[in-house]
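Since the structure comes first, as structure tokens, the remarks are kept for the end.
Just so you know, these numbers come straight off a predicted model, no measurement behind them. We name chains A, B, ... by the order of the sequence lines, and we start the count at 1 in each one.
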Amino acid sequence: MLKFTDEHEWLKIEGDVATVGITAHAAEQLGDLVFVELPETGAALDKGATAATVESVKAASDVYCPLDGEIVETNQAIVDDPSLVNSDPQGAGWFFKLKLSDPSAVNALLDEAAYKELIA
Amino acid sequence: MDDHSPLKQTPLHALHVSLGARMVPFAGYDMPVQYPAGVMKEHLQTRSAAGLFDVSHMGQIILRPKSGKIEDAALALEKLVPVDVLGLAEGRQRYGLFTNDKGGILDDLMIANRGDHLFLVVNASCKDEDFAHLQKHLGETCELSLLDDRALIALQGPRAECVLAELWADIATMRFMDVAEADLHDVPCIISRSGYTGEDGFEISIPSASAEDVTRRILEHPDVMPIGLGARDSLRLEAGLCLYGNDIDTTTTPVEAGLEWAMQTARRAGGAREGGFPGADTILRQFAGGAGRRRVGLKPEGKAPVRGGAPLFADAEGKVPVGTVTSGGFGPSADHPVAMGYVDIAHTANGTQVFAEVRGKYLPVTVAALPFITPTYKR
């Protein structure tokens, strides 16, 4: 199941774990990324907390935790090569995997059609 | 700024929009921050071939001596800048600074001797204040005009000379900081061999009515790409050039900013026209004895960019403050983060390690020589 937030993140949900990244729209708006900082594995984050930081040539932006949960895995590949987020934002450019405190909370997120309408 | 005040447009606004630029408010103008290629490609294009910038938002000012003698305009302007204007030969340009009574910097500018008048280029955000300042102090000696009928573009990079030589063969005879008049596509232009990127290149003042036509034709050359404000900032930062409002302002003196080179011998202690500019006491005292702090290059040791405003400390715990970052980002040509800022004089030696506070962490940063690239000016 693929869900979106109005902060331009995508969540691919498998059981109680969500793989989280930023949308192609967000990646394009940010421009060429040169630095990514990811959360620590094991960190418990609340919805809306700063989970990651991305920097383009010009500016730094925060990536927020889309739901309450615990970070169970992070994608070192985008730390080593931030341009992966620009070239494949909804694939190899994923950020982290989040074990959801309340898997039913995903129902409140946007589906793909609603997200497309948001950025239209 | 008042969100409701309408943004001004340069004569090239429609061109930017047609090229797919992302437009942002800058100094009261709606300006291109990047084109579809993006900041990284635009930056590297400028260093490897040629990049075209719209800098029409900057102020172009003419100072015409009422006496008809250029020396009178030069001496009048010397009352406001610590620069040798009298010694500036016809057809030559030089960097300058307007100073205030405390020795702070009101703006930085380019000054050209155009034979019967001086031609100034000042920052967009300061141009109305600069013009009022000039009017107040030079109004008796000079006829002043802030031109509103000319665009200004910059063509920068190693291919800039070849591109323009197809329009005007004599351009190759110009040296760094020369200023000349020439027709480009039958339009009378004022061309200087200067810029804000660390590359060889030119700035071209064009009558507004013809600006889009001339610019489109230059952009047709396969070596040229349009470049937005984003890459303009990363290019000038790698080149170690100050951005007014970030790296220099009314609270920084020319000596603190490391801009002593902009004060020629004639205006220094013992020179033929020593002092005689606002803040001369402070500036000449600092010139002789040094200032308590100084602008330096800063190379973050890790991959994280360190941005303007980040506090600097002598220690990794953030206990002993030693300065502030004034500009910082990623240097696409340097291929690492680059920054500049002010540090206490004890920490200015190249190789000194300090720590920048970024998101609650203290990141190691090394004081480094500016610029971060090797300039290719054709001296």
Checklist outcome for this item: Note: vs chain A, highest number of non-hydrogen pairs under 4.5 angstrom among B/P337, B/G328, B/P305, B/G302 is B/P305

Checklist entry - B/F372 vs B/H336 aromatic rings, parallel, tilted or perpendicular, using cut-offs 30° and 60°? => result perpendicular

Next on the checklist: So for A/A59, is it side chain, backbone, both, or neither that comes closer than 4.5 Å to the heavy atoms of chain B?
Outcome noted: backbone

Next on the checklist: Among B/H13, B/H16, B/H57, B/Q9, which residue satisfies the side chain to side chain donor-acceptor pair (under 3.5 Å) criterion with B/D30?
Outcome noted: B/H13

Next on the checklist: Looking at every heavy atom in both B/T197 and B/L241, which two are closest together, and how far apart are they?
Outcome noted: N-CD1, 4.0 Å

Checklist outcome for this item: So, the part of A/T53 with a heavy atom under 4.5 Å from chain B: the answer is side chain

Item to check | Side-chain H-bond candidate by donor/acceptor type, A/D32 with A/N86, under 3.5 Å | outcome: no

Checklist entry - Do you know the tightest heavy-atom contact between A/E112 and A/L2? => result OE1-CD2, 4.1 Å

Next on the checklist: Quick check for you: among B/A304, B/P332, B/G331, which has the greatest number of heavy-atom pairs under 4.5 Å with chain A?
Outcome noted: B/A304

Checklist entry - Checking A/V79 against chain B: side chain, backbone, both or neither under 4.5 Å from a heavy atom? => result backbone

Checklist entry - Distance-only, no hydrogens or angles: does the A/T41 side chain make a donor-acceptor pair with backbone N or O of A/V72 under 3.5 Å? => result no

Item to check | For chain A, the option from B/G230, B/G38, B/G329 that forms the most heavy-atom pairs under 4.5 Å | outcome: B/G230

Item to check | Top contributor to chain B interface from A/E28, A/K58, A/E55 [non-hydrogen pairs under 4.5 Å] | outcome: A/E55

